[in-house]
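What you see is a predicted model; the values in this text were computed from it and never measured.
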Amino acid sequence: MDDQTRMLAGLGGLGGLSQADVGDPDSVRKQQSLGQPQQDIGDILQQIMAITDESLDEAQARKHALNCHRMKPALFSVLCEIKEKTVLSIRGVQEEDPPDPQIMRLDNMLLAEGVSGPEKGGGSAAAAAAAAAAGGSPNDGSIEHSDYRAKLAQIRQIYHSELEKYEQACSEFTNHVMNLLREQSRTRPISPKEIERMVAIIHRKFSSIQMQLKQSTCEAVMILRSRFLDARRKRRNFNKQATEVLNEYFYSHLSNPYPSEEAKEELAKKCGITVSQVSNWFGNKRIRYKKNIGKFQEEANLYAVKTAVDAANVSAQASQANSPATPNSEEKIQTISSD
DNA sequence: TGCTATGATTTACC
DNA sequence: GGTAAATCATAGCA
């Protein structure tokens with residue numbers, strides 16, 4: 001059974017028009033002359049099928065006549081219904097697509113990096129996280145931090161402007177297609193559902209372009225991040241005073257050169273570096289000292305002397321402080337208790 | 001420019 | 001999670 005015959009068979013409910021009636025033009029004309037309502041439909045269909053054999057002018061005139069025919073809306077409604085049933089049975093399953101996991105991943109990443117979603121300081125959280133991961137000094141962090149934020153803001157701006165362009169193009173194309181289909185629905189049966197389906201197809205096509213945009217934005221953020229981290233990686237020697245403070249602690253605790261967390265914090269504060277830098281320094285120092293004690297002997301002696309001198313100075317100050325004019329702590333306790 | 005010193009990172013171990 | 005050991009990468013100097 002071909003398409004036309006199938007469609008005509010489906011029209012059985014509309015006035016009891018039989019396939020034989022429709023298939024035979026003579027029979028249609030005969031019935032038309034009898035004034036039966038089904039003859040109208042048969043005639044219309046016959047004219048539709050014959051339209052391709054006619055000249056353009058004839059066809060236009062015929063089209064106009066058909067458009068104005070009183071039975072046209074009913075016929076199109078039935079044709080739409082049949083079309084809907086056949087199309088839905090084929091495509092219905094494909095339409096309920098779950099959200100694309102890749103798009104979801106990209107969305108989550110762009111949101112976490114502060115590129116999409118509400119603006120929250122141009123991704124300062126990400127910058128701070130990157131800085132923390134690098135364990136960089138708090139002193140030089142601000143310049144690179146603001147640089148990172150500026151670059152991220154630039155990416156964000158490009159992303160949003162491209163997204164806007166994409167949405168505009170998508171909506172323009174959708175409107176164009178919808179208008180076209182509405183226009184065509186005057187001459188061929190197109191249901192609103194079919195238009196909706198077409199819109200969904202267009203959106204699916206455009207979403208693949210959107211995914212490419214999201215993907216390239218993610219790549220740009222990744223490159224920026226790695227560059228930012230690489231920049232933090234650049235080594236800068238600690239200043240002389242900081243190295244001296246660290247060495248003093250190291251050589252005065254040579255039997256156990258493992259500063260506690262509190263000591264590390266204290267040293268970090270004194271040297272103007274981070275606790276993790278203090279840990280790195282002690283880690284490097286321990287292993288390098290152990291590997292080549294001979295080389296570090298001179299340095300060790302130097303700091304031993306320095307420590308001894310400092311200790312002597314402290315004790316001299318203490319003994320001065322403990323002179324009869326000022327009572328020592330034991331005497332203080334006694335004084336307090338006697339009160 | 002090559003060498004050494006040194007801060008940072010990585011990997012494995014406890 | 002802290003540390004040892006190896007390694008990387010760069011600053012600084014002759």
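- Contact annotation: the side chain of A:Tyr303 approaches that of A:Glu244 to within less than 4.5 Å [non-hydrogen atoms, C-beta and beyond].
- Counting non-hydrogen atoms under 4.0 angstrom, A:Phe282 reaches nothing in the nucleic acid.
- We find that A:Lys214 and A:Glu162 are not joined by a salt bridge, their nearest charged nitrogen and carboxylate oxygen being 4.0 Å or further apart.
- A straight line from NZ of A:Lys285 to P of B:dT6 spans 7 Å, rounded to a whole angstrom.
- In this structure, A:Lys240 places its NZ atom 11 Å from P of C:dC13, rounding to the nearest Å.
- Residues A:Trp281 and A:Leu267 form no side-chain contact, since every pair of their non-hydrogen atoms from C-beta on lies 4.5 Å or further apart.
- Atom-to-atom, CZ of A:Arg288 to P of B:dT4 comes out at 14 Å; the value is rounded to the nearest Å.
- Rounding to whole angstrom units, NZ of residue A:Lys290 and P of C:dT3 are separated by 14 Å.
- Among the nucleotides B:dA8, B:dA5, C:dA11, the one closest to any side-chain atom of A:Lys295 is B:dA5.
- Atom OH of A:Tyr258 and atom P of C:dG2 are 14 Å apart (whole Å).
- Considering only side-chain atoms of A:Ile287, the nucleotide from C:dG12, C:dA5, B:dA8 that sits closest is C:dA5.
- We find that CG of A:Asn237 is positioned 10 Å from P of B:dA8, with the value rounded to whole Å.
- In terms of polar N and O atoms assigned as donor or acceptor, the side chain of A:Asn284 comes within less than 3.5 Å of the base of B:dA8 in a complementary pairing.
- Among B:dG7, B:dA5, C:dA4, the nucleotide with an atom closest to any side-chain atom of A:Arg286 is C:dA4.
- Taking the side chain of A:Lys291 as heavy atoms from C-beta on, and the options C:dA6, B:dG7, B:dT9, the nearest nucleotide is C:dA6.
- An OP1 or OP2 oxygen of B:dA8 is reached within less than 4.0 angstrom by a side-chain nitrogen or oxygen of A:Gln277.
- Contact annotation: the side chain of A:Ser279 approaches that of A:Lys264 to within less than 4.5 Å [non-hydrogen atoms, C-beta and beyond].
- One interatomic measurement links the two molecules: CD of A:Glu261 to C1' of C:dT3, which rounds to 13 Å at whole-angstrom precision.
- For A:Tyr249 and A:Phe282, the ring centers are positioned less than 6.0 Å apart.
- If you check distances only, the side chain of A:Arg236 never reaches the base of C:dG12 with a donor-acceptor pair under 3.5 Å.
- Residue A:Lys264 places at least one side-chain N or O closer than 4.0 Å to OP1 or OP2 of C:dT3.
- Nucleotide C:dA6 holds its P atom 14 Å from the CG atom of A:Asn292, rounded to whole Å.
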